[in-house]
Amino acid sequence: MMRLVHGVSYVCYIVWAIITGSATIVARLFRTDYAQPMIVELPMRCATDLEVSLFASSITITPGTLVTAIAAGTSTTPPVIFVHALFEDSEADALDGLIDMESRLLAMTRGRAPRSEPEGELP
């Protein structure tokens, strides 16, 4: 039952992200500082192919962000995703948004909120 609730919540979150991302693009058209492109690297907590695919698709469907690469994890390191972001003020802001999206996705796929650290990462 909780997966259904998290699933509906995640779909609403993605739809809202698409709407606000589109509005940001339109609003930025009239500014001199249209975009601040950057590529950020995020060690993922997503473990399965389904989670990684859903996360990458969610990022790419959101206006202003695009997945550029995914590096496979090893037995000691988690998989890493590289995201091109256009409209974030800083790398920290971009990573905060991606971590929030990943947490919501993992709550949907696993039925509970994930740990804050990537699984499998050594201290």
Side-chain angles (χ1 to χ4, degrees):
M1 181 62 180
M2 287 308 296
R3 286 185 182 189
L4 178 63
V5 171
H6 288 299
V8 170
S9 172
Y10 187 72
V11 169
C12 291
Y13 169 77
I14 291 297
V15 168
W16 182 249
I18 292 170
I19 292 169
T20 57
S22 299
T24 299
I25 289 173
V26 170
R28 292 284 185 116
L29 287 173
F30 303 104
R31 292 174 49 172
T32 56
D33 59 339
Y34 173 70
Q36 296 176 326
M38 67 182 82
I39 293 180
V40 295
E41 174 184 350
L42 176 68
M44 292 187 286
R45 292 169 290 165
C46 296
T48 67
D49 290 345
L50 176 65
E51 291 172 345
V52 172
S53 297
L54 286 174
F55 187 45
S57 297
S58 297
I59 291 169
T60 301
I61 199 170
T62 307
T65 56
L66 176 70
V67 173
T68 57
I70 298 173
T74 65
S75 61
T76 58
T77 61
V80 177
I81 193 164
F82 298 88
V83 177
H84 182 265
L86 277 179
F87 302 115
E88 299 296 336
D89 292 329
S90 68
E91 184 176 330
D93 289 345
L95 288 173
D96 287 344
L98 292 171
I99 290 169
D100 179 46
M101 180 184 284
E102 184 184 34
S103 295
R104 293 171 185 263
L105 173 77
L106 294 178
M108 175 183 71
T109 59
R110 298 177 184 173
R112 57 179 163 70
R115 297 179 355 192
S116 60
E117 297 296 321
E119 293 179 9
E121 185 171 296
L122 295 176

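As a basis for the values below, the full set of heavy atoms in this structure was taken, side chains included, without hydrogen atoms, waters or symmetry mates.
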Between CG of Asp89 and CG of Asp33, what distance do you get to the nearest 0.5 Å? 9.0 Å

Interatomic spacing from OG1 in Thr62 to CH2 in Trp16 - rounded to 0.5 Å: 13.5 Å

Report, one line per pair, each donor and acceptor closer than 3.5 Å where one atom sits in a side chain of residues 46-57; sequence neighbours left out.
residue: Thr48; atom: OG1; partner: Glu51; partner atom: N; Å: 3.1
residue: Glu51; atom: OE1; partner: Ala47; partner atom: N; Å: 2.8
residue: Glu51; atom: OE1; partner: Thr48; partner atom: N; Å: 3.4
residue: Glu51; atom: OE1; partner: Arg110; partner atom: NH2; Å: 3.0
residue: Glu51; atom: OE2; partner: Thr109; partner atom: OG1; Å: 3.1
residue: Glu51; atom: OE2; partner: Arg110; partner atom: NE; Å: 3.0
residue: Ser53; atom: OG; partner: Asp49; partner atom: O; Å: 2.9
residue: Ser57; atom: OG; partner: Ser53; partner atom: O; Å: 2.9

Min side-chain heavy-atom separation Met44-Pro79 under 4.5 Å: yes

Would you mind reporting whether Glu88 and Val40 have side-chain heavy atoms less than 4.5 Å apart? no

I want to check something: taking the side chain as every heavy atom from C-beta on, are Leu86 and His84 in contact at a cut-off of under 4.5 Å? yes

Membership question, hydrophobic clusters at under 4.5 Å side-chain separation (ILVMFWY): are Ile70 and Leu105 in the same one? yes

Would a 4.5 Å heavy-atom cut-off, applied to side chains only, mark Ile59 and Ile81 as touching? yes

Using only atom types and a distance under 3.5 Å, with no angle test, would you say the side chain of Arg45 pairs donor to acceptor with the backbone of Pro78? no

Phe87-Leu95 co-clustered via ILVMFWY side chain contacts under 4.5 Å: no

Could you see if Tyr13 belongs to whatever hydrophobic cluster contains Leu42? Use Ile, Leu, Val, Met, Phe, Trp, Tyr and a side-chain cutoff under 4.5 Å. yes

Under 4.5 Å between side-chain heavy atoms, chaining through other members, with only Ile, Leu, Val, Met, Phe, Trp and Tyr counted: pull out the rest of the cluster around Val15, sorted by chain and number. Val11, Ile19

Tell me whether Ser22 contacts the main-chain N or O of Ile18 through its side chain, where contact means a donor paired with an acceptor under 3.5 Å. yes

For Leu29, which residues count as a side-chain contact (heavy atoms from CB on, under 4.5 Å) partner, sequence neighbours excluded? Tyr34

Atom CE of Met101 and atom OG1 of Thr65: how far apart are they, to the nearest 0.5 Å? 6.0 Å

Joint cluster assignment, Val83 & Val80, ILVMFWY side-chain distance < 4.5 Å: no

How long is the gap from NE2 on His6 to OG on Ser103, to the nearest 0.5 Å? 11.5 Å

At what distance, to the nearest 0.5 angstrom, does CG of Asp93 lie from CD of Glu91? 10.5 Å

Quick check on Ile61: does its CD1 atom have over 12 non-hydrogen neighbours (other residues, nucleotides or ligands) under 6.0 Å away? no

